[in-house]
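What follows is one structure encoded as structure tokens, with my remarks underneath.
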Amino acid sequence: MKAAIVGAGPTGLFTAIALARRGHPVAVVDRDPGPAADGSWPRRGVMQFHHPHGVREQVLQAIRAEMPEVEAALLAAGAERSIVPAADGRPAMAVGLRCRRMVFERVLREAAIAEAGVTIVQGSAEDVLRARGRAAGLRVDGGELAADLVVNASGRAGRITDDLRAPAEGGDCGMSYVSRHYALLPGAEHGPVNSPLGLITRFHGFLAGMFLQDNRTVSVFLARLSSDRELAGLRHQEAFDAAVRVLPGIAEWTEPDRTRPTTPVLAGAGLHNSFRGQLDAGGRVPLPGLVHLGDAVCTTNPTAGRGIATSLMQARQFVRTLKGDVESATVAFDEWCTGHIRPWFDDHVAWDADEIRQWAGEDVDLDRPLTSGHVVAAAQADPSLMRIVGPYLAMKALPATLAEVKPRAREIFAGGWRPPVPATPTRDELAALVRRSTALK
């Protein structure tokens with residue numbers, strides 16, 4: 001069975017290798033030419049490519065199952081294992097790799113190029129070819145690429161066959177962010193961390209964090225309400241530099257004698273929580289032979305670092321399900337996504353809406369159901385909750401498992417406890433700093 005895949009991102013590349021190793025010749029179509037000879041890779045059109053990333057254990061599980069040599073190649077390229085140490089009777093837990101998206105995708109692309117059954121085609125996939133009511137390949141730059149199976153791994157914004165499926169659920173997260181990569185100087189030690197990802201701190205009206213990455217690099221980000229036009233000025237280097245100097249924890253990581261910036265300040269906007277299944281409004285497979293994977297099915301707020309995980313979980317499941325009739329496999333896969341991927345979408349929709357209210361200055365509303373964010377926060381007051389919260393944070397247990405400890409979390413909040421937030425800088429103080437910094441340009 002010949003396969004054609006739209007999109008040479010992590011989902012498309014992983015799926016191509018996995019299908020090729022099952023004996024299917026695969027062509028992967030993408031407009032991007034790949035890394036330049038000097039190693040640079042702009043990856044135009046993929047906003048998140050140069051922003052912070054977390055490679056979760058679910059990604060490694062998929063890689064180990066289908067292409068174990070890729071994990072070794074990632075480690076050789078400088079990625080580092082991330083392990084939560086044992087504490088309070090809990091065993092140590094592997095949670096993934098510290099790795100930039102560029103390094104991860106470069107290694108995966110090299111593996112795909114080396115795979116005997118995979119061909120990467122540079123071009124624009126314009127439409128899906130159809131014959132006898134089934135997908136029959138792709139139209140690429142005006143030409144025809146025949147295939148028995150077409151995989152849409154073009155992402156949330158991809159418009160190929162957009163008219164066939166039921167509309168996507170979800171919408172804008174209500175948040176935007178800026179980020180910048182830094183490299184640790186020779187001999188410099190790490191700064192403070194408070195999570196396996198690195199450092200995540202909620203301030204009054206905004207969020208700041210640092211993701212540990214590969215090869216002694218880190219990525220610092222500042223997230224704000226999308227509606228907060230004053231903090232949008234953080235995209236300017238002068239404002240960003242001034243901000244990181246006054247943020248507890250972040251200031252230590254960006255000290256000139258510890259790190260040096262390696263990228264400009266990068267803006268990230270248009271963040272969506274979205275879910276879109278395989279079927280049409282009538283519950284049918286609209287075009288047998290066409291399947292959608294990765295961000296074309298589900299996207300979530302990137303601040304939790306779940307995107308590559310949910311995408312490769314999908315890809316792994318689909319290739320395991322594909323054992324004959326593509327249409328039946330598509331239906332079975334759609335049902336699996338409803339049970340295993342959609343819960344993460346629903347989780348983010350609820351958590352993000354509540355987070356936005358809190359950034360806007362509202363208190364916890366105990367007349368409303370507690371979100372996962374509340375339960376995670378409550379574990380600071382009662383570490384025994386980590387027995388349930390830890391596996392959820394590592395995506396080793398679905399959000400529904402938090403129901404067991406929600407009564408205890410509600411009790412904590414009802415008693416008056418609130419998550420500690422640094423007294424300064426407040427959102428207004430940060431906005432004033434942005435105005436002063438940009439006025440000096």
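Two residues are said to be in side-chain contact when any heavy atoms from C-beta on lie closer than 4.5 Å; Phe203 and Pro248 meet this criterion. Side chains of Leu231 and Leu430 form a contact here, defined as non-hydrogen atoms less than 4.5 Å apart. At a threshold of 4.5 Å between non-hydrogen side-chain atoms, the residues Val220 and Leu199 do not count as touching. Looking at Thr11 and Asp295, their side chains never come closer than 4.5 Å, going by heavy atoms from C-beta outward. Using a 4.5 Å cut-off on side-chain heavy atoms (C-beta onward), Val326 and Val291 make no contact. Proximity of Met175 to Ile356: side-chain heavy atoms (C-beta onward) are separated by under 4.5 Å at one or more points. The shortest side-chain heavy-atom distance between Met313 and Ile341 falls under the 4.5 Å cut-off. Using a 4.5 Å heavy-atom threshold, the side chains of Val364 and Arg418 count as touching.
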Using salt bridge (Lys or Arg N to Asp or Glu O under 4.0 Å), reason through Arg245 and Asp241 one step at a time and then give a plain yes or no. CA-CA 6 Å; Arg245 286 195 292 269; Asp241 288 344; 5.2 Å; no
Stepwise, does the salt bridge (Lys or Arg N to Asp or Glu O under 4.0 Å) test hold for Arg387 with Glu404? CA-CA 11 Å; Arg387 174 180 60 87; Glu404 179 181 339; 2.9 Å; yes
Side chain to side chain donor-acceptor pair (under 3.5 Å) between Asp428 and Thr426, worked out: CA-CA 5 Å; Asp428 290 345; Thr426 64; 5.4 Å; no
Can you check salt bridge (Lys or Arg N to Asp or Glu O under 4.0 Å) on Arg316 and Glu66, steps first, answer last? CA-CA 8 Å; Arg316 181 186 181 192; Glu66 299 291 339; 5.3 Å; no
Please determine whether salt bridge (Lys or Arg N to Asp or Glu O under 4.0 Å) holds for the pair Arg306 and Glu57, giving the CA-CA distance in whole Å, both sets of side-chain angles, and the decisive distance to 0.1 Å. CA-CA 10 Å; Arg306 293 170 174 168; Glu57 190 68 10; over 6 Å; no
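Checking Thr217 against Asn215 by side-chain atom types alone, no donor-acceptor pair falls below 3.5 Å. No hydrogens or angles considered: a donor-acceptor pair under 3.5 Å links the side chains of Asn152 and His292. In the model, Trp359 has no side-chain atom that pairs as donor or acceptor with a side-chain atom of Asp228 under 3.5 Å. When only modelled atom types and interatomic distance are considered, Thr259 and Thr254 share no side-chain donor-acceptor pair under 3.5 Å. Side-chain contact annotation: Thr300 with Asn273, donor-acceptor N/O pair under 3.5 Å absent. Side-chain contact check for Asp382 and Ser384: at least one donor-acceptor pair (N or O, by modelled atom type) lies under 3.5 Å. Arg202 and Gln358 share a donor-acceptor pair across their side chains, judged by distance under 3.5 Å alone. There is a side-chain donor-acceptor pair under 3.5 Å between Glu429 and Thr424.
Ionic pairing of Arg22 and Glu115 is not present here: no N-O contact between side-chain nitrogen and carboxylate oxygen is shorter than 4.0 angstrom. In summary, Arg342 and Asp334 do not engage in a salt bridge, as defined by a charged side-chain N under 4.0 Å from a carboxylate O. A salt bridge between Arg81 and Glu71 is present, with a side-chain N of the basic residue lying under 4.0 Å from a carboxylate O of the acidic one. Ion pair Glu189/Arg258 not flagged as a salt bridge, since none of the NZ, NE, NH1 or NH2 atoms sits closer than 4.0 Å to an Asp/Glu carboxylate oxygen. Ion pairing of Arg357 with Asp363 is absent here, as no side-chain N (NZ or NE/NH1/NH2) approaches a carboxylate O to less than 4.0 Å. Using a cut-off of 4.0 Å between Lys/Arg side-chain N and Asp/Glu carboxylate O, Arg368 and Asp354 are scored as not salt-bridged.
Judged by distance alone, the side chain of Arg216 and the main-chain N or O of Ala188 form a donor-acceptor pair under 3.5 Å. The main-chain N or O of Pro42 is found under 3.5 Å from a side-chain atom of His50 such that the two form a donor-acceptor pair. Between the Arg276 side chain and the Ala296 main chain, no donor and acceptor come within less than 3.5 Å of each other. Within the 3.5 Å criterion, the main-chain N or O of Met395 finds a donor-acceptor partner in the side chain of Gln58. When atom types are taken as modelled, the side chain of Arg224 and the backbone of Ser226 share a donor-acceptor pair closer than 3.5 angstrom. In terms of modelled atom types and a separation under 3.5 Å, the side chain of Arg260 and the main chain of Tyr182 share no donor-acceptor contact. In this structure a side-chain-to-backbone donor-acceptor pair under 3.5 Å is present from Arg106 to Gly39.
Ring pair Phe413/His374: centre-to-centre distance below 6.0 Å. Between Trp253 and His190, the gap from one ring centroid to the other is short of 6.0 Å. Proximity of the aromatic rings of His51 and Tyr177 is defined here by a centroid distance below 6.0 angstrom, and this criterion is met. With ring centers used as reference points, Phe275 lies 6.0 Å or more from Trp344.
Closest non-hydrogen pair, Gly294 versus Gln314, comes out as N-OE1, 3.0 Å. Glu230 approaches Val434 most closely through the heavy-atom pair O-CG1, 3.6 Å.
Note on residues 320-329: no pairs pass salt bridge (Lys or Arg N to Asp or Glu O under 4.0 Å), not counting sequence neighbours.
When each of Arg100, Arg101, Arg98 is checked for a salt bridge (Lys or Arg N to Asp or Glu O under 4.0 Å) with Asp214, only Arg100 meets the rule.
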